[in-house]
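Reading through the structure tokens given below for one structure.
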There are 2 protein chains.
Amino acid sequence: MAVTIKDVAKKAGVATSTVSRTIQDHSSISEKTKIKVRQAMADLGYVPNFSAQSLASKTTKTIGVIMPVSDGVAFQNPFFLEVIREISKVCNEKHYMVSLASGKDTGELLESIKMMARRGTVDGFIVLYSTWEDQIIEYLHEANLIYAMVGRPYLFENETLYVDNDNRLSGKDATNYLLQKGHTQIGYVGDDLDQVVTIERMAGFRDALQEAGIAINPQQSILMTDSDNATVTQPLEKLFEHQKTAPTALVVSDDMLAVTVMQRLLMLGYQVPMDVSIISFNNSIFAKMAYPKLTSIDINVPQLGQQVALKLIDKIEEKEAPFVKMIIPHEIIERETVASK
Amino acid sequence: MAVTIKDVAKKAGVATSTVSRTIQDHSSISEKTKIKVRQAMADLGYVPNFSAQSLASKTTKTIGVIMPVSDGVAFQNPFFLEVIREISKVCNEKHYMVSLASGKDTGELLESIKMMARRGTVDGFIVLYSTWEDQIIEYLHEANLIYAMVGRPYLFENETLYVDNDNRLSGKDATNYLLQKGHTQIGYVGDDLDQVVTIERMAGFRDALQEAGIAINPQQSILMTDSDNATVTQPLEKLFEHQKTAPTALVVSDDMLAVTVMQRLLMLGYQVPMDVSIISFNNSIFAKMAYPKLTSIDINVPQLGQQVALKLIDKIEEKEAPFVKMIIPHEIIERETVASK
DNA sequence: CTGAAAGCGCTTACAG
DNA sequence: CTGAAAGCGCTTACAG
């Protein structure tokens, strides 16, 4: 049997309550006895039992990480693993555990989350994505559970804790960058229409063109594709159909999509960046491994992950913490896919 | 307060021990009372408290998933997220939780794992990778913890539960495929030398050439690069240095590396597959999105993930279960990067 | 500043 | 087949 709080108490010559309090570094315990108790813990190699702590304190010191539903390409995005790693890192430091919730469809995911909540296995949740009208969020909110999001919430924005980039601004910055390089015929290619982020980036794209006094004809400059990218070719062809409206530069909502777009462009006979310039978002490994290497907007994934975790834990530990939103800065990483016009 | 076993007992008119036993579907309880109790549970919306169950039963119903240390490109491999998703799916069904262990270096990871083990937060571990001389495995083994691996163990193979492909055979099959297409000058490019799988695939490569009676000059046909792919260019150039030994086809140990290799090849003036054919492994999203699309060996990640989880849970629940190894079949997915010679 | 005691919500011999 | 009771290893008012 493992060593328990009783063994420590006996060895240190104090009550178990005193041991418990020094574990929590209670201010009521004198430094002298704390030292004595800590010595005993060290000598015995004592580590508090997790289940017992949870049961007695009504707190689990674990946070549930909610992944997006796993169909579609979105799920394969390296973004998620990166965020998870950062969350995990913070949790390690704070002595929290991370527990994963995923599912192949919304129903399955919801069941899994409900289970976690009702069995009392988590103190709070982190939702890794943000879409329109999400049942998951509705449940979390109704059930009055603590949660935080990566990405701007569509529902209950004013009452939820979240960390995000200024996606609209980044869309604008990306477009302005192209404008500065002399492009005036700029198109936008996005996927995953239900993702809040995709739409926001497009809004930023419109902002920039508008400020530059360039009229937008959606038919000729905006292309939304489904998330598995299978059908980009034809619509893309259409975008380039008329010589005088054909874009000389493209803002693409995600690195992975940008890789597909470049590939299709090549098939259509366009070279990047000689014929068409491309800037995309996320600065993931795809951006670095693409050929040519993608100019991309870095969204600082480590910060995104670390901050949600930190803020959520703060909220869990002192329930009063006000609702916070936190905006992480982005940055253009210049590589090889944008040419001057 | 949530509803407890006492409430259910009262409502059903039985003792709490009877409720507990019907939760576990004990054979000693009559079907009649089980029905009565289940009715009461349903009426009250009862769900057993997780921490209390763990504390009383000395079992946690959670498995720890150990990720590879996070430096280097390997970590970005979509493989891990896919496996995790599958493990998570099985765990959901079996009412297990999955808890993540990761770290930026071995020391941090080990600390995190030790914590989990000593605090009693998991019943067993799944290790997602296999390398030479892994401290993590040594610890798991010494501490007598239950674990399973994805990939063939380097240490304690005869006493560990694992699920893997026949990597050596897949290396051989890949090479034979090239041979059948008429190539005779075939090179091997691998990274991540400490991964057992990389070495095994290379061994298969050698097997095939040997059986075909083709001599191998390592200098001229084998290139091992570090895992961040940064330095592939020069050694690759060297591989193609002499016209008469330059390979007409390459076996590449991973899709991500293959993408890099193709890119560098292009820079060196070689077209794929016209000048050089390429076959790689994993059939990840990189294979599908590459241009041209990669011919790749599918390793059936879903099976890999589901089976480790299933087998580990079996082992946890009936400790007698013998050590098992399970081999999942692979399959060549023909795409656009291999041409006939 | 410290301790004795009750309690968290289950499970599991033990007895019948 | 079922129940009373002890126990899992902690935490936290309460009292001093």
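Here is the naming used below: chain letters follow the sequence lines, and residue numbers restart at 1 for every chain.
Among the nucleotides dG9(C), dT11(D), dC1(D), the one closest to the side chain of S30(B) is dC1(D). Among the nucleotides dT11(D), dC8(D), dA4(C), the one closest to any side-chain atom of A56(B) is dC8(D). With dG3(C), dT12(D), dT11(C) as the choices, the nucleotide that has an atom nearest any side-chain atom of T16(B) turns out to be dT11(C). The side chain of A52(A) lies closest to dG9(D) when the candidates are dG9(D), dC10(C), dG3(D). Of the candidate nucleotides dC10(C), dA13(C), dC8(C), dA13(C) has the atom nearest to the side chain of R21(B).
Contact annotation: K34(B) side-chain N/O to dC1(D) OP1/OP2 distance is not under 4.0 Å. Checking the phosphate oxygens (OP1, OP2) of dG9(C), a side-chain nitrogen or oxygen of K58(A) falls inside 4.0 Å. A sub-4.0 Å separation between OP1 or OP2 of dT2(C) and a side-chain N or O of T33(A) is present. Put simply, S20(A) has a side-chain N or O that comes within less than 4.0 Å of OP1 or OP2 on dT11(D). Contact between the side-chain N/O atoms of Q53(B) and the OP1/OP2 oxygens of dT11(C) is found at a separation under 4.0 Å. Side-chain nitrogen and oxygen atoms of Q24(B) include none within less than 4.0 Å of the OP1 or OP2 phosphate oxygen of dC10(C).
Figure legend. dA13(D) is base-paired to no nucleotide; pairs are counted as Watson-Crick or G-U wobble with both atom distances under 3.5 Å.
Heavy atoms only, all atoms of each residue included: A12(B) and K36(B) are closest at O-CE, 3.5 Å. Counting all heavy atoms, side chain and backbone alike, E86(B) lies closest to P302(B) at CG-CA, 3.5 Å.
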Check the pair D123(B), K58(B) against salt bridge (charged side-chain N to carboxylate O under 4.0 Å, His left out), reporting the backbone distance first and the verdict last.
CA-CA 9 Å; D123(B) 291 339; K58(B) 302 279 177 205; over 6 Å; no
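Residue R119(B) places no side-chain atom within donor-acceptor reach of the base of dG9(D), judged by atom type and a 3.5 Å distance cut-off alone. With hydrogens and angles ignored, no donor-acceptor pair closer than 3.5 Å exists between the side chain of S17(B) and the base of dA5(D).
Screening S99(B), S112(B), S102(B) for a side chain to side chain donor-acceptor pair (under 3.5 Å) involving S88(A) leaves a single residue, S102(B).
Salt bridge status for K94(A) with D314(A): absent, with no side-chain N to carboxylate O gap under 4.0 Å.
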